[in-house]
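Report on one structure; see the data block that follows.
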There are 2 protein chains.
Amino acid sequence: MIQQNIKIAVDAIVFGYSNNTLNVLLIKQKYGVLENQWALVGGFVKDNEGLQDAVVRELKEEAGIDVDYLEQLYTFGDDVKRDPRFHVVSVAYFALVNNSVFTLIADTDAADARWFPVNNLPDLAFDHKAIIDLSIKRLQSKLSYQPIGFDLLSASFLFSELENLYCTILEKEIDRRNFRKKVLNFGFVEETNKFAPQKSGRPAKLFKFNHKKYRKLVEDGFVFEIKFA
Amino acid sequence: MIQQNIKIAVDAIVFGYSNNTLNVLLIKQKYGVLENQWALVGGFVKDNEGLQDAVVRELKEEAGIDVDYLEQLYTFGDDVKRDPRFHVVSVAYFALVNNSVFTLIADTDAADARWFPVNNLPDLAFDHKAIIDLSIKRLQSKLSYQPIGFDLLSASFLFSELENLYCTILEKEIDRRNFRKKVLNFGFVEETNKFAPQKSGRPAKLFKFNHKKYRKLVEDGFVFEIKFA
DNA sequence: TATATTTGCGTATCCAATACGCATACTAAT
DNA sequence: ATTAGTATGCGTATTGGATACGCAAATATA
């Protein structure tokens with residue numbers, strides 16, 4: 001049997017969107033080496049535990065949440081000193097939660113969990129800042145060719161919310177009217193008969209993302225894509 | 001210190017292109033558990049060795065090559081029994097070699113190395129078949145938004161070769177004339193004053209991919225993209 | 001009643017992708 | 001020689017989707 005002194009960890013970069021701001025979930029552990037240090041949700045993989053299972057477990061233990069979207073991002077292990085204690089390879093996962101989860105984050109036994117706006121992050125443990133930077137790039141590019149923006153909103157949402165989400169995350173100006181036309185043309189974003197609680201201006205209909213219709217379209221060869229000049 | 005009985009390995013999926021065929025590099029190890037079994041190039045990461053360093057080392061040891069393109073593909077570790085002996089997480093890397101490397105592969109001390117056409121693979125060790133399938137999908141999609149096709153050809157190449165490469169890998173028909181127009185329009189594929197050894201038909205100029213020009217264009221905001229109906 | 005504000009729909013324009021015609025330059029066969 | 005065959009290289013017409021706008025509708029507020 002091979003002798004090897006490398007540990008495997010997983011980390012989760014969880015994004016939430018609220019009030020026109022993109023946020024990342026960070027935790028401050030109550031005990032251990034990372035006490036008093038903000039860090040990504042994560043920890044060591046257990047023997048006979050799958051990687052994704054490990055992430056799901058850590059998300060539950062440390063932040064008390066289930067996420068809406070989860071995919072592997074990248075495995076960090078080129079710098080053997082990224083953890084100063086010993087050689088750790090970390091498999092980072094990219095996760096999204098919708099607005100209702102966003103509002104419900106609470107501290108757990110293990111850690112203090114909080115949302116931080118991506119452009120106002122505290123000092124972070126290890127190379128977690130670099131990992132978050134990579135995730136943001138991934139989120140930006142994914143937004144263009146996969147309908148993951150909907151995972152950051154509530155089940156029903158306003159067009160202006162969807163539009164602002166794209167604007168703020170991609171840091172681009174987009175034409176409201178052309179955006180609407182294009183998205184409605186896809187056919188999987190449907191208007192409901194409900195209206196949003198009134199603010200100012202003309203009352204706005206609530207819309208829904210029809211997952212079933214989207215899957216069907218993809219099966220028939222549809223390729224999602226949203227671009228801006 | 002944490003106790004953990006998981007091993008970390010790396011695997012490389014190396015693609016080569018020749019005679020209108022996409023090939024994968026496989027090895028049959030001369031000793032050990034994988035004797036007489038075709039498998040991807042790979043092995044366990046050493047203590048205090050970076051992941052990418054490990055891949056580069058294995059490629060040299062087992063196949064005697066340096067690759068032209070290398071990037072992390074995916075980390076396989078959801079199935080804790082993917083290696084029946086013990087729990088192994090494998091970080092898979094995606095690699096490309098150009099035509100001159102392709103012709104030079106030789107057996108090494110460690111293993112017998114051979115190219116196999118992707119549509120005619122032998123039985124493979126572990127989950128290596130699934131890993132290759134994923135790589136092919138990655139190659140197909142990368143071809144559309146990164147100029148990696150050039151890494152599979154010689155330094156100078158015919159337009160028909162580039163064209164066939166796209167056709168065979170993407171399994172699509174494309175209009176020769178429009179393809180040529182589009183690629184030349186990019187500005188980083190330049191004609192040389194050399195001609196290819198004559199076959200039949202009108203003599204064809206050799207072309208080159210100008211890396212420097214490409215990088216400059218990208219800096220100025222150029223986004224590579226090649227699509228087919 | 002006027003003003004501000006946001007929503008929702010429609011049309012004109014333009015550019016890049018597509019479809020396709022055809023001359024060119026060679027080899028090979030008769 | 002002449003003809004057929006083959007692959008290269010260049011050009012133009014068409015079109016469909018992205019872009020740029022104009023503007024009416026429906027509410028709150030002053």
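What you see is a predicted model, and the numbers here were worked out from it, not measured in a lab. Per chain, numbering begins at 1; letters A, B, ... match sequence-line order.
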* **With sequence neighbours excluded, residues passing side-chain hydrogen bond (donor to acceptor under 3.5 Å, both in side chains) with A:Thr192** =>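 If we apply the side-chain hydrogen bond (donor to acceptor under 3.5 Å, both in side chains) test to A:Thr192, skipping adjacent residues, there are no hits.
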* For B:Gln37, all residues meeting side-chain hydrogen bond (donor to acceptor under 3.5 Å, both in side chains), sequence neighbours excluded ->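 Expected list: none.
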In this structure, how many angstroms lie between the [atom2] atom of [N] and the [atom1] atom of [X], rounded?
X: B:Arg180; N: C:dA17; atom1: CZ; atom2: C1'; answer: 18 Å
X: A:Phe179; N: C:dT7; atom1: CZ; atom2: P; answer: 12 Å
X: B:Ile174; N: C:dA19; atom1: CD1; atom2: C1'; answer: 15 Å
X: B:Lys182; N: C:dA16; atom1: NZ; atom2: P; answer: 10 Å
X: B:Lys205; N: C:dA25; atom1: NZ; atom2: P; answer: 10 Å
X: B:Phe195; N: C:dT27; atom1: CZ; atom2: C1'; answer: 16 Å
X: B:Glu225; N: C:dA17; atom1: CD; atom2: P; answer: 8 Å
X: B:Ile226; N: C:dT18; atom1: CD1; atom2: P; answer: 11 Å

* Where along residues 150-171 of chain A does a heavy atom come under 4.0 Å from DNA chain D, residue by residue in number order? ->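 Output list: empty, so none.
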* What residues in residues 183-194 of chain A put a non-hydrogen atom under 4.0 Å from any atom of DNA chain D? ->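 DNA chain D contact set from residues 183-194 of chain A: none.
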Donor-acceptor contacts, no H, no angles, side chain residues 179-189 of chain B, under 3.5 Å, sequence neighbours left out:
residue, atom, partner, partner atom, Å
B:Lys181, NZ, B:Asn178, OD1, 3.4
B:Lys182, NZ, B:Glu225, O, 3.3

* Which parts of nucleotides 20-30 of chain D does protein reach within less than 4.0 Å, heavy atoms only, written one letter per nucleotide 5' to 3' as B for base, S for sugar-phosphate only and - for none? -> BBBB-BBBS--
* When the ring centroid of A:Phe94 is compared with that of A:Tyr74, is the distance short of 6.0 Å? ->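 So the answer is no for these two rings.
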* Asked: Which residues satisfy the side chain to side chain contact (heavy atoms under 4.5 Å, CB included) test with B:Ala196, sequence neighbours excluded?
  ->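 Testing B:Ala196 for side chain to side chain contact (heavy atoms under 4.5 Å, CB included), a comparison that skips the adjacent residues, returns B:Leu158, B:Leu206.
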* Asked: Got a sec, which residues hit side chain to side chain contact (heavy atoms under 4.5 Å, CB included) with A:Asn98, two or more places apart in sequence or on another chain?
  ->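 So A:Asn98 forms a side chain to side chain contact (heavy atoms under 4.5 Å, CB included) with A:Asp68, A:Ser100, A:Val101.
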With sequence neighbours left out, which residue pairs that include part of [range] fulfil the salt bridge (Lys or Arg N to Asp or Glu O under 4.0 Å) condition?
range: residues 111-127 of chain A; value: A:Arg82-A:Asp127
range: residues 210-224 of chain B; value: B:Glu190-B:Lys213
range: residues 138-148 of chain A; value: A:Glu71-A:Arg138, A:Glu71-A:Lys142

* Is a donor on one side and an acceptor on the other found under 3.5 Å between the side chain of B:His128 and the backbone of B:Leu40? ->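 Yes, B:His128 side chain to B:Leu40 backbone: donor-acceptor pair under 3.5 Å.
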* Keeping to residues at least two apart or across chains, list the side-chain hydrogen bond (donor to acceptor under 3.5 Å, both in side chains) pairs with something in residues 162-173 of chain A. =>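 Sorted result for residues 162-173 of chain A: A:Tyr17-A:Thr168.
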